[in-house]
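Residue numbers count from 1 along this sequence. In this text the structure is predicted, and so the values were computed from the model without any measurement.
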Amino acid sequence: RSSDLLNGAVAEYLMHSRIIGGDVGTHATLVQSAFQAQREFLLLASQYQQPSENELALLLKPISDKIHKTQEFREKNRGSKMFNHLSAVSESIPALGWVALSPKPGSYVKEMSDAATFYTNR
């Protein structure tokens, strides 16, 4: 369940990010909004038939916009002492796009995870 993820790992990430504060705290707020947008999409999707491609694109736009804002924040803060952290998160946040992939989004999510690992190992 998406609420388990939001109340578990995402909540823990937010708590620690807010303790760190600064760019990390601000970035975490953007990440939180992306996860919330995805949760709203999943709740909506659970109630309706599969939409057309055009309708799906409109429904996914809030998630896409939040992902973009998260990545844009990293780009605008290249001078941050926490740039590698911002990059790790920004490289992995597109994994939320798994909802648009079928039939198996696992390899896509793994690819996003690997991209984040590059920065966490720096």
Side-chain angles (χ1 to χ4, degrees):
R1 293 184 346 189
S2 63
S3 59
D4 291 343
L5 180 63
L6 286 172
N7 295 326
V10 174
E12 187 173 347
Y13 158 75
L14 290 168
M15 179 188 69
H16 291 292
S17 295
R18 288 182 177 137
I19 290 169
I20 294 168
D23 292 339
V24 171
T26 302
H27 201 230
T29 300
L30 296 170
V31 170
Q32 179 184 28
S33 69
F35 273 94
Q36 288 173 334
Q38 185 180 56
R39 183 172 191 277
E40 291 168 14
F41 171 82
L42 291 172
L43 289 172
L44 189 64
S46 71
Q47 299 172 19
Y48 296 95
Q49 299 280 340
Q50 184 171 347
S52 70
E53 284 188 37
N54 288 340
E55 291 169 327
L56 181 60
L58 288 173
L59 292 170
L60 290 171
K61 188 170 181 350
I63 298 170
S64 178
D65 289 348
K66 304 293 184 183
I67 290 169
H68 177 73
K69 284 182 182 181
T70 302
Q71 293 177 318
E72 185 177 58
F73 183 85
R74 182 260 315 252
E75 291 303 317
K76 288 181 177 178
N77 290 281
R78 287 188 161 273
S80 173
K81 292 180 188 176
M82 300 301 286
F83 180 73
N84 284 338
H85 173 81
L86 299 178
S87 294
V89 174
S90 292
E91 291 295 322
S92 61
I93 197 72
L96 292 178
W98 71 266
V99 295
L101 304 176
S102 70
K104 298 181 181 181
S107 61
Y108 174 74
V109 173
K110 170 88 168 80
E111 184 179 323
M112 297 299 103
S113 176
D114 291 346
T117 300
F118 172 81
Y119 286 97
T120 57
N121 287 336
R122 295 185 102 187

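- Pairs of residues two or more places apart, or lying in two chains, that qualify as side chain to side chain donor-acceptor pair (under 3.5 Å) and include a residue from residues 54-69 are Ser52-Glu55, Lys61-Asp65.
- Using a 4.5 Å cut-off on side-chain heavy atoms (C-beta onward), Gln71 and Ile67 make contact.
- For Glu75, the salt bridge (charged side-chain N to carboxylate O under 4.0 Å, His left out) partners are Arg78, not counting sequence neighbours.
- When the side chains of ILVMFWY residues are joined at heavy-atom separations under 4.5 Å, either directly or via intervening members, Val89 and Leu14 end up in a single hydrophobic cluster.
- Cluster membership for Phe35 and Leu42, using ILVMFWY side-chain heavy atoms within less than 4.5 angstrom, is shared.
- The shortest non-hydrogen separation linking Ile93 to Val31 is CD1-CG1, 3.9 Å.
- The list of salt bridge (Lys or Arg N to Asp or Glu O under 4.0 Å) pairs with a residue in residues 107-121, not counting sequence neighbours, reads Lys110-Asp114.
- The list of side chain to side chain donor-acceptor pair (under 3.5 Å) pairs with a residue in residues 13-23, not counting sequence neighbours, reads Arg18-Gln32, Asp23-Ser80.
- If you chain together ILVMFWY residues whose side-chain heavy atoms come under 4.5 Å of each other, Leu58 ends up in a group of its own.
- Listed by first and then second residue, the salt bridge (Lys or Arg N to Asp or Glu O under 4.0 Å) pairs involving residues 80-93 are Arg74-Glu91 (not counting sequence neighbours).
- Not a single side chain to side chain donor-acceptor pair (under 3.5 Å) links Thr70 to another residue, sequence neighbours left out.
- Smallest separation of non-hydrogen atoms from Ala34 and Leu96: CB-CD1, 3.6 Å.
- Note on Val10: it clusters hydrophobically with Val99, by side-chain heavy-atom contacts below 4.5 Å among ILVMFWY residues.
- Under the ring pair (Phe, Tyr, Trp, His ring centres under 6.0 Å) criterion, no residue pair touches residues 41-65, with sequence neighbours excluded.
- Gln49 CD: 12 or fewer foreign heavy atoms inside a 6.0 Å radius.
- Taking Val109 as the reference, Ala95, Trp98 meet the side-chain contact (heavy atoms from CB on, under 4.5 Å) condition, with sequence neighbours excluded.
- In this structure, Leu60 CG and Gln38 CD are separated by 9.0 Å, a value rounded to the nearest 0.5 Å.
- The stretch residues 74-97 participates, sequence neighbours left out, in no ring pair (Phe, Tyr, Trp, His ring centres under 6.0 Å) pair at all.
- Residues meeting the salt bridge (charged side-chain N to carboxylate O under 4.0 Å, His left out) test with Lys76, sequence neighbours left out: none.
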